Amino acid sequence: MRATQIFFPTLKEDPAEAEAVSHKLMVRAGMVRQLAAGLYIYLPLGVRVMDKICAIIREEMDAIGAQEISMPVLQPAEIWQQTGRWQEIGDEMFRLKDRGGRDMVLAMTHEEVITWLASHEIRSYRDLPQIWYQIQTKLRDEARPKSGILRTREFIMKDSYSFDTGIDALEHSYQRHIEAYSRIYERCGIRFYMVESDPGMMGGATAHEFMAPSAAGEDEVALCSCGYAANVELAISMPENPPYPEPGVVEVETPDVRTIEEVSSFLSVAPSLLIKSLLIMAKDGPVLAMVRGDQELQESKLNRIIGEHRPANAEEIREIAGTEPGFIGPLDLKVRKIADKSLEGGVFVAGANRNGFHVQGLVPDKDFETEFADIRRVKADEKCPNCGTRLSLEQVIEVGNIFKLGTKYSKPLGATYLDENGKEQTVVMGSYGIGPARIAAAAVEQLSDGQGIVWPVNIAPFSVHLALLQPADELQAAAAEKLYTELEAAGVETMLDDRAISVGVKFADAELLGFPIRVTIGKRSVADGSVEVLVRSSGDEFKYAMDSAAADIQNLLESL
RNA sequence: CGGGGCGUGGCGCAGCUUGGUAGCGCGCUUGCUUUGGGAGCAAGAGGCCGGCGGUUCGAAUCCGCCCGCCCCGACCA
């Protein structure tokens with residue numbers, strides 16, 4: 001295509017509202033524009049990238065025998081009521097009524113509909129297995145859309161669902177998805193990890209996420225050289241105990257000394273020898289969650305034990321513990337207590353539940369009763385639970401996830417089949433998502449440089465940026481037209497930059513847009529019958545004879 | 001939802017403290033020149049200063065309410 005026929009309004013300056021690199025660059029490169037918080041318009045170049053990513057996804061999904069379908073975004077509330085998610089999910093789901101007053105939802109995911117379909121159409125074990133997928137819009141009323149297209153309220157997702165006779169068969173479908181996903185990300189040219197993840201609101205037992213490392217990511221994963229990889233929401237590490245003092249409960253006066261840092265320095269005791277006591281309000285009443293002073297509570301872990309919860313406010317602390325915040329502790333506190341496993345067998349300092357006092361020499365589950373559970377957040381350099389090596393933490397963008405759902409949706413929606421013995425069984429399901437926009441953003445995040453985007457070959461809007469320096473020069477224009485025609489004939493997607501703009505702007509735009517190869521045709525080309533070729537990613541430059549340039553460029557592209 | 005910041009030509013910003021009717025850079029239009037790294041000169045177009053209300057002779061500027069956007073947190077198939 002010709003640049004003069006493509007709408008790509010490039011910007012010299014970063015948009016004021018953008019923070020993430022991918023956000024700035026995608027706006028500057030004229031790929032997207034924001035309509036409102038979390039709502040984006042994709043311009044032609046943005047659409048081309050998305051189409052390429054989706055094409056790769058289709059190929060790889062089809063390769064594992066998945067079949068594409070398309071489901072409505074607007075859905076009746078009934079099916080969501082049947083699975084319980086009408087109640088479970090809060091403000092994040094868009095809800096509306098149709099003209100007849102019926103409750104409707106705008107789908108944030110499609111388990112309900114696809115299971116409804118399966119429940120109506122699958123009758124026999126002979127109908128299984130099935131993998132159905134769609135590439136479809138999802139809507140979520142996100143509390144906080146952010147980082148450009150990374151977290152939006154409306155977005156495209158590839159979602160697939162597997163239907164199997166049992167858990168062994170599900171395992172097979174799950175593995176096939178892992179293979180397909182790995183190939184998809186590889187072909188899209190992004191680095192990624194597969195990590196253990198928290199099934200969360202999807203329900204089900206096992207889940208993994210595909211994570212692309214990037215500073216713009218909202219998630220964090222713990223990684224080990226042995227292959228252990230987990231979202232910090234559930235990552236575990238082996239506790240390392242400091243040397244403990246002698247046990248024996250002694251109250252000490254600690255006037256106006258409240259925080260871990262203050263207590264630590266006031267008593268000259270390392271933070272790892274303090275108990276951080278956090279009063280939590282859960283639906284079954286208050287809970288005292290305890291972690292070591294040098295550690296932090298991982299809310300998602302506590303959530304699995306006590307469900308929805310929030311920290312108590314100062315007033316609730318005074319009422320329940322009878323003390324000002326800062327002096328709360330486990331001793332004589334009549335609430336459910338959950339201590340992190342690293343507190344087991346140690347001797348600690350904790351609040352005394354008396355203003356201005358702490359207690360020393362406390363032994364958990366001896367001086368006070370408590371449950372033990374892993375509720376702390378993993379820190380970098382702690383030991384891997386599998387091999388003892390030091391863990392590292394990394395910021396990541398979630399670009400895909402896979403869940404073993406089991407019968408969470410098939411049971412309430414009655415998706416059953418008759419087995420070989422004529423006995424009715426419940427279909428066992430899996431659910432698998434990929435966010436194409438996040439792949440695009442991750443690619444920009446991981447590969448861009450100070451000049452602009454550096455697209456991976458397979459998802460670049462165009463493969464070649466053919467920069468015609470002086471379109472008004474007939475000889476140059478003719479040379480460019482010829483090469484353009486040859487490249488297009490060879491199947492090399494080329495943007496002929498025939499804009500009548502200054503060379504500096506043209507080159508700067510080429511760098512900003514980030515197509516893999518830039519080919520320059522100028523007066524030198526006309527003079528000596530050559531073109532200059534620049535590889536965006538490496539900066540390598542070549543000079544090709546005009547006559548053979550199309551073939552040479554094609555070869556170069558294939559080598560990237 | 002809690003905390004913070006910001007809304008002024010298309011984009012990026014200044015002006016606001018100390019009220020007097022809006023300015024800079026980029027972009028855009030026209031002409032001439034220029035032409036291998038974000039060109040030069042000249043002449044132009046373009047803004048009810050987010051909205052509503054209040055104070056005042058007079059409000060971009062002061063006060064109140066509302067809306068929108070961004071960031072941190074909470075939340076997040």
Side-chain angles (χ1 to χ4, degrees), chain A residues 9-20 23-24 27-28 30 33-39 80 83 85 88-93 105-114 136 138-148 150-153 155 157-161 197-204 207 209 216 218-219 231 233 299-300 303 308-311 313 398 400-403 405 408-409 430-435 451-452 467-473 476 499-512 518 520-527 530-532 534 541:
Chain A
T10 56
L11 264 32
K12 202 180 285 189
E13 290 170 293
D14 285 337
E17 72 277 2
E19 194 87 357
H23 188 190
K24 290 177 182 171
V27 172
R28 284 187 51 206
R33 286 294 185 265
Q34 182 177 27
L35 172 66
L39 297 173
W80 290 82
T83 61
R85 291 211 282 183
E88 273 174 38
I89 299 172
D91 293 338
E92 205 184 339
M93 184 154 65
V105 316
L106 295 177
M108 46 199 301
T109 174
H110 281 75
E111 278 78 14
E112 276 76 4
V113 175
I114 205 142
Q136 176 63 285
K138 302 275 185 281
L139 290 129
R140 295 182 190 173
D141 198 356
E142 291 284 354
R144 181 141 97 84
K146 56 183 285 201
S147 306
L150 276 177
R151 187 170 206 79
T152 53
R153 293 192 292 176
F155 58 100
M157 173 181 276
K158 185 290 299 178
D159 47 323
S160 54
Y161 306 88
S197 74
D198 188 340
M201 97 172 183
M202 292 300 294
E209 288 163 331
E218 302 179 84
D219 288 288
N231 192 310
E233 287 174 358
E299 307 245 3
S300 56
N303 199 60
E308 292 288 300
H309 62 271
R310 62 169 176 84
N313 59 39
E398 181 187 351
N401 52 32
I402 56 178
F403 297 90
L405 296 176
K408 174 168 162 114
Y409 299 93
S431 142
Y432 316 85
I434 288 185
Q451 312 305 312
L468 167 57
L469 298 189
Q470 278 128 39
D473 180 318
Q476 287 181 41
R499 295 176 296 167
I501 54 175
S502 75
V503 188
V505 173
K506 193 164 283 196
F507 284 162
D509 269 358
E511 276 131 25
L512 175 61
R518 185 185 88 196
T520 305
I521 290 187
K523 63 170 185 278
R524 287 183 212 152
S525 312
V526 174
S530 71
V531 297
E532 287 144 66
L534 175 68
E541 290 183 89

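Only a predicted model underlies this, so the values are computations on that prediction, with no experimental measurement involved. Numbered from 1 within each chain, the chains take letters A, B, ... in sequence-line order. Computation of the quantities below employed the complete heavy-atom set of this structure, encompassing side-chain atoms and omitting hydrogens, waters and symmetry-equivalent molecules.
With P as the reference atom, B/rG54 and B/rA42 are 47 Å apart, rounded to whole Å. Going from the P atom of B/rC26 to that of B/rC16 covers 23 Å, rounded to whole Å. Comparing the same atom, C1', in B/rA39 and in B/rG46 gives a spacing of 24 Å after rounding to whole Å. Rounded to the nearest Å, the gap between the P atom of B/rA43 and that of B/rG7 is 32 Å. B/rG9 and B/rG5: their P atoms are spaced 22 Å apart (whole Å).
Residues A/Asp219 and A/Gly148 both approach RNA chain B. Their nearest nucleotides, taken by heavy-atom distance, put A/Gly148 toward the 5′ side.
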Nucleotide by nucleotide, nucleotides 31-41 of chain B touches protein heavy atoms under 4.0 Å in the pattern (B base, S sugar-phosphate only, - none) ----SBBBS--

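Checked against side chain to side chain donor-acceptor pair (under 3.5 Å), A/His110 has the following partners two or more places apart in sequence or in another chain: A/Gln75, A/Gln134, A/Lys138. Take A/Glu299 and apply the side chain to side chain donor-acceptor pair (under 3.5 Å) test, not counting sequence neighbours, and it matches A/His309. Checked against side chain to side chain donor-acceptor pair (under 3.5 Å), A/Ser300 has the following partners two or more places apart in sequence or in another chain: A/Gln298. Scored by the side chain to side chain donor-acceptor pair (under 3.5 Å) test, A/Asp509 finds A/Thr10, A/Arg499 as partners (sequence neighbours excluded).
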Each nucleotide N or O in nucleotides 65-69 of chain B that has a protein N or O under 3.5 Å away: list the pair and distance.
{"from": "B/rC69", "atom 1": "OP1", "to": "A/Ala37", "atom 2": "N", "distance (Å)": "2.8"}

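Residues A/Glu532 and A/Arg524 are paired through a salt bridge, judged by an N-O separation under 4.0 Å between the basic side chain and the carboxylate.
Shown here, B/rU56 forms no base pair; nothing in the strands shown gives a Watson-Crick or G-U wobble contact with both key distances under 3.5 Å. In this structure B/rC6 sits in a base pair with B/rG68, meeting the Watson-Crick or G-U test at under 3.5 Å. Judged by Watson-Crick or G-U wobble contacts below 3.5 Å, the nucleotide B/rC1 has B/rG73 as its partner. Using Watson-Crick or G-U wobble geometry with both donor-acceptor distances under 3.5 Å, B/rC28 finds its partner in B/rG44.
When the C1' atom of B/rC72 is taken as reference, atom NZ of A/Lys146 falls 9 Å away, rounded to whole Å. In this structure, CG of A/Asp14 is placed 20 Å from P of B/rG10, rounded to the nearest angstrom. For the pair A/Glu92 CD and B/rC1 C1', the interatomic distance rounds to 14 Å; values are reported in whole Å.
Within 4.0 Å of A/Asp473, counting heavy atoms only, lies no atom of the nucleic acid at all. Residue contacts for A/Ala16: at a heavy-atom cut-off of 4.0 Å it reaches the sugar-phosphate backbone alone, with no base atom in range.
Phosphate contact (OP1/OP2 of B/rC72, side-chain N/O of A/Arg144, threshold under 4.0 Å): present.
Annotation: A/Asn313, atom CG; neighbour count of heavy atoms from other residues, nucleotides and ligands within 6.0 Å is above 12.
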